[in-house]
Amino acid sequence: MAGLMAGFGHYTHAVVRGIPASLAKEALRSSQTEVDLAKAVKEQEAYVEVLRTRLGLEVVELPADESLPDCVFVEDAAVVCGDTALITRPGAESRRGETEAMKGALKDLNLNIVEMTDENATLDGGDVLFTGREFFVGLSKRTNQRGAEILADAFKDYAVSTVPVLEGLHLKSFCSMGGPGLIVIGSSEPAQKALKIMQQMSDHRYDKLTVPDDLAANCIYMNLPSKGHVLLHCTAEEFPESAKESLNACSSQFASPCRVFIS
Amino acid sequence: MTTEAGSETEVKEKAEESAAEPDQSEKATEDSQEVANAEVEEKERAKVKEKEGKEGKGISRYLPTWLKKQKSQSQTSPTKEDPPTEEPVSEVTQEEEGPTPEVNGHAEEVEEKEEVKSEQVKEKEAETHSNASADTEPAKEEKVEESAEKSPEETKETTEGEGAEEETKEKEGAVEAEGEAGEGQTSIFQSPLRLVRKNKMKLVVCHVTLLDGTDFTCEVEKRAKGQYLFFKVCEHLNLLEKDYFGLTYKDNHDQKCWLDPTKEIKRQIRSNNWQFAFNVKFYPPDPSLLTEDITRYLLCLQLREDVASGRLPCSFVTHALLGSYTLQAEIGDYEPDQPRPLDFISQLTFAPNQNKEMEEKILELYKSHRGMTPAQADTQFLENAKKLSMYGVDLHHAKDSEGVDIMLGVCANGLLVYKDRLRINRFAWPKILKISYKRNNFYIKIRPGETEQFESTVGFKLENHRAAKRLWKVCVENHSFFRLNAPEPPTKARFLTLGSKFRYSGRTQAQTRMASSLIDRPAPSFERTSSKRISRSLDGAPMISITEAGRESAENGREPHLELHSDSKVTVVDVSPGDAEAMPSQHSPGSSELGPPQSSLRVHGDNIYVRHSNLMLEDHDKTQEEVLKHQASISQLKRSFMEAPPPSPPQPNQWEKRLTSSPATIRLQQQQVVSVPQTEAATADNAISDTKEPAKPPVVKTEMVTISDTFAAQKTEIATKEVPIVHTETKTITYEAAQLDGNGDGEPGVLMTAQTITSESLCTTTTTHITKTLKGGLSETRIEKRIVITGDCDIDHDQALAQAIKEAKEQHPDMSVTRVVVHKETELAEED
């Protein structure tokens, strides 16, 4: 237990959820582009493959639920830090049901479950950025102050600062952690503004990695017992420029560079 | 000692007197020496006394005097601890003497003897004091001077009431003592209170709750300063790294307050409850840097308390972990055969919501610590505790500008703003230019961001004035401790202390680290006590994460100093930097407001603490423009001064018709004001002087008062308060020092800023004038600040002056105050 509050700890498990057919038509959308369901399924398979095979994580796959078109976005249903899992209360009503399955899965992993029961609270996991030292919670269309307060109560050891998310869906729509002390941030104005706020609010200093595309700033950093630092980021085909940045950052940041693409 | 002690009190009295008798003040003004102040005062005092004498020396008359005279400077430092032992003696003597109804007779006799004595005493004192912590206690010096100069008459007067009790006197002779005793008797019998007062050496029993929950009792002289008691406690604890700690007491409103080491305890507690608590005041951001285990142990005790009481929130796991280290430190290795360990654990308090589950977890973790020494366990405890987000954060309830409840957290890095448990804003020290409070409002002026042009001021509402002041003080102390390398250069320090009278008087973290690195003693053995304690409440101490000064400055490119000010008075401060290094900004004269001159904007607020930091680098850019702006506004100001009488009551332009009467209280020295020149002659100029040489003021004849320390200020203020009239006061403080700096250019000087703040009955104007001159390779920067405060009787002038000086010092630590000029103008209705 000496490792309490030891930054990111070690990553051992990953929870994913199947893609329901309803995703294409019924899921909440912020843009009107068509969803290529088949491609989505394929991408997810590749993703799970990487997690399981290449990274050696124990992957918990939850079945898709057709009545929950957005259920594939598991990030929003829970926030796990240390041995505590906060089951969120998603901002979109249609997504509230997603937490059930997630709660069950996390319980099975022996995490201490904290539920957000306050009906005035909303919180999407996508608005929660954990830096290893503290939390930033985006106050967005999906997350409100009350939700952030409950998160602060659930993780009392850490400072929880709020960051207004004026554009985009979630805080993590344009940023994420690229490693200990490294924030990957998009270059759009809202993203840069949010970064400024985060820097001002923090007692810690973060390096930043600015990528050309906001969407490409959404990465997954993991500290794996067997592989060390791993950054899971977008493919070069998707965002060539951003991918390059990530690569460079990766290699300079970590002694043993490891990068994984979702192909 | 006796005599000097009386000064404060006397001032007040005088003030009253002066109010009543304006003519006195005139006489006072006639003096024109540097020492004038003191002399004047003395005279006045003498007058007052004479008056008193005429009116009768009834016992009752002495009462107030005694009360106040109590504050002598004995026991300023721990080294002077001996006196207490002597005290009892004098007491006894007095008590033995029978009550004597006839006070007068005795008094007279005593007086005669006393004269001689007191003079000697004074001299001695003067010496002592000058050596003593001059910087922390500027006031003392003044007192000393005064006392030394007192005329025999005064002495008599003073001594009448006080009688004897000084150690010195005792040494001088039994005879005297007797006489005094006789005198004392009267008062004793008159009222018990008096008895106490009369014996200056009276001891009081203090109860100090230590971090382990035990009570430490010790006796201190009633007039002892906070640090005396604090040192006693540290001595008892065998603690050397004491700068992180402090004593708290509860004020009348049951609020925890830090005992100011530089002030008399008695005057702070304001009640007869000599009950204190020993607490961590500045939480070291990195406890592993502490030198001694005993210090870490004490810090652990404080944190256990903080955690158990919920003041330092932490998660279940953290509670368990911290608890397990506590067990390891307190009881050593887990013994498998120990019967029912859980029962034992449940008797201890580890968390606010401790339950069985947590206790089991604690036990489980505790078992894993086998082999860890107590010191190692403490270290582990601290390593985990220091990471908690609220570690070292001192929270204060407040409301934002929209009336929303928030919490302001003061810590090592700056000021944090919380709404419920969420951090909604953060102002790192480097971002804060100034901190002030006014009534129940607390303000911080924020340095403009990269893209912003102007500074902004953020205001918060505290529950009341006291709360605002308390918050302000905590900010001042935390900023000083964590952000500065040294509180202030000693030289300046000895000059004056602040008007609000408050500033951080201890060592900074940097200094204490340095000091503790020199600790050379075998690790003291100390006994760990059971960790079973109930949470007591303390107010959280300030500070948290560390910010090394160096790192921060690097971070922001700014220097750490802030200025403090209080405004309610007019004060002009001249600062000239002595060394170039400290003031990088000097390179670009005129550049930003920050330049050496710094943020000269003054504010309003009862007290202002401004960090003037270094900003130079960053500020440069905006400089030119800003300067121009400021200049513009200044000339505007001047114009307005000249043109018409300003709004509120008294205004600067009354200078022209000013009278020089100054309330008796102030010792004035008639001098010429130095001011200047620049463009418009009128009022404004007086304030500004460009070069070191004080030019004579073109205008009016004003009275100038040179105040060498705060004390004087205090007196003044008192006087003013009592006076029902409206007056205007102007004070000029000059800091000067030669500075080496290649860049000097004989620039005439630029007015950096001018600000007029008007509120209700007060009007404050601050003008800062910066001049750089180059003389034979020596560049000198001189900053003169002029603060004009106008208002009616409610202004606390002395305080304002003191504050201004303090501020100036803080603002320009590398410069010294070379001159303080005070003009005090009072418009008397009667006079013309």
Side-chain angles (χ1 to χ4, degrees), chain A residues 1-7 9 81-86 111-114 118 120-121 123 127-128 130-139 143-164 189 192-193 196-206, chain B residues 285 307 310 312-322 324-325 351-352 357 361-362 364-366 368-369 372 380 383-393 404 409 411-414 416-428 431 446 449-451 544-547 551-552 555:
Chain A
M1 287 310 295
L4 163 85
M5 291 185 66
C81 180
D83 57 2
T84 299
L86 172 67
L111 291 168
N112 296 315
I113 305 294
V114 177
D118 189 326
N120 295 315
L123 180 88
D127 277 318
V128 179
F130 177 65
T131 69
R133 300 299 304 270
E134 63 192 316
F135 284 96
F136 289 105
V137 177
L139 296 182
T143 299
N144 64 19
Q145 177 96 8
R146 185 67 193 127
E149 283 168 21
I150 293 172
L151 179 128
D153 268 337
F155 304 104
K156 290 198 177 71
D157 293 347
Y158 300 97
V160 178
S161 305
T162 53
V163 183
E189 196 179 307
Q192 292 295 318
K193 222 175 233 169
K196 277 245 156 55
I197 292 176
M198 291 192 282
Q199 288 172 328
Q200 184 195 324
M201 302 270 260
S202 178
D203 293 323
H204 309 291
R205 306 192 62 191
Y206 297 103
Chain B
V307 167
L312 178 56
C314 49
S315 64
F316 175 90
V317 179
T318 302
H319 272 305
L321 184 65
L322 295 178
S324 68
Y325 286 126
E357 185 190 2
K361 187 75 180 171
I362 290 172
E364 174 193 328
L365 294 171
Y366 166 48
S368 71
H369 301 325
M372 201 178 271
Q380 285 304 312
E383 284 305 296
N384 284 283
K386 77 175 186 190
K387 292 180 194 160
L388 296 169
S389 80
M390 299 305 286
Y391 172 84
V393 178
V404 177
C411 67
N413 289 332
L416 302 169
V417 184
Y418 294 92
K419 184 167 173 228
D420 295 307
R421 290 224 46 227
L422 302 173
R423 185 183 293 182
I424 57 173
N425 214 337
R426 171 179 178 271
F427 302 99
K431 275 291 273 183
I446 310 301
E450 296 163 17
T451 58
I544 265 197
S545 45
I546 219 191
T547 315
R551 179 185 128 198
E552 282 230 342
E555 182 177 27

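By convention in this document, chain letters (A, B, ...) are assigned in the order of the sequence lines, proteins followed by strands, and residues within each chain are numbered from 1. Since the model is a prediction, treat every value here as computed from it, not as a measurement.
- A:K193 has a carboxylate O that lies under 4.0 Å from a charged side-chain N of A:E189, or vice versa, which qualifies the two as a salt bridge.
- Nearest heavy-atom pair across B:S324 and B:I362 is CB-O, 3.6 Å.
- When heavy atoms are compared at a cutoff of 4.5 Å, A:T84 does not approach chain B at all.
- With a 4.5 Å cut-off on non-hydrogen atoms, A:E134 touches chain B through its side chain but not through its backbone.
- A salt bridge does not link A:R146 to B:D420: none of the charged nitrogens lies less than 4.0 Å from a carboxylate oxygen.
- A:R133 and A:D157 are not joined by a salt bridge, as no carboxylate oxygen comes within less than 4.0 angstrom of a charged side-chain nitrogen.
- Ranked by heavy-atom pairs shorter than 4.5 Å toward chain B, the options A:L139, A:V160, A:I197 are led by A:V160.
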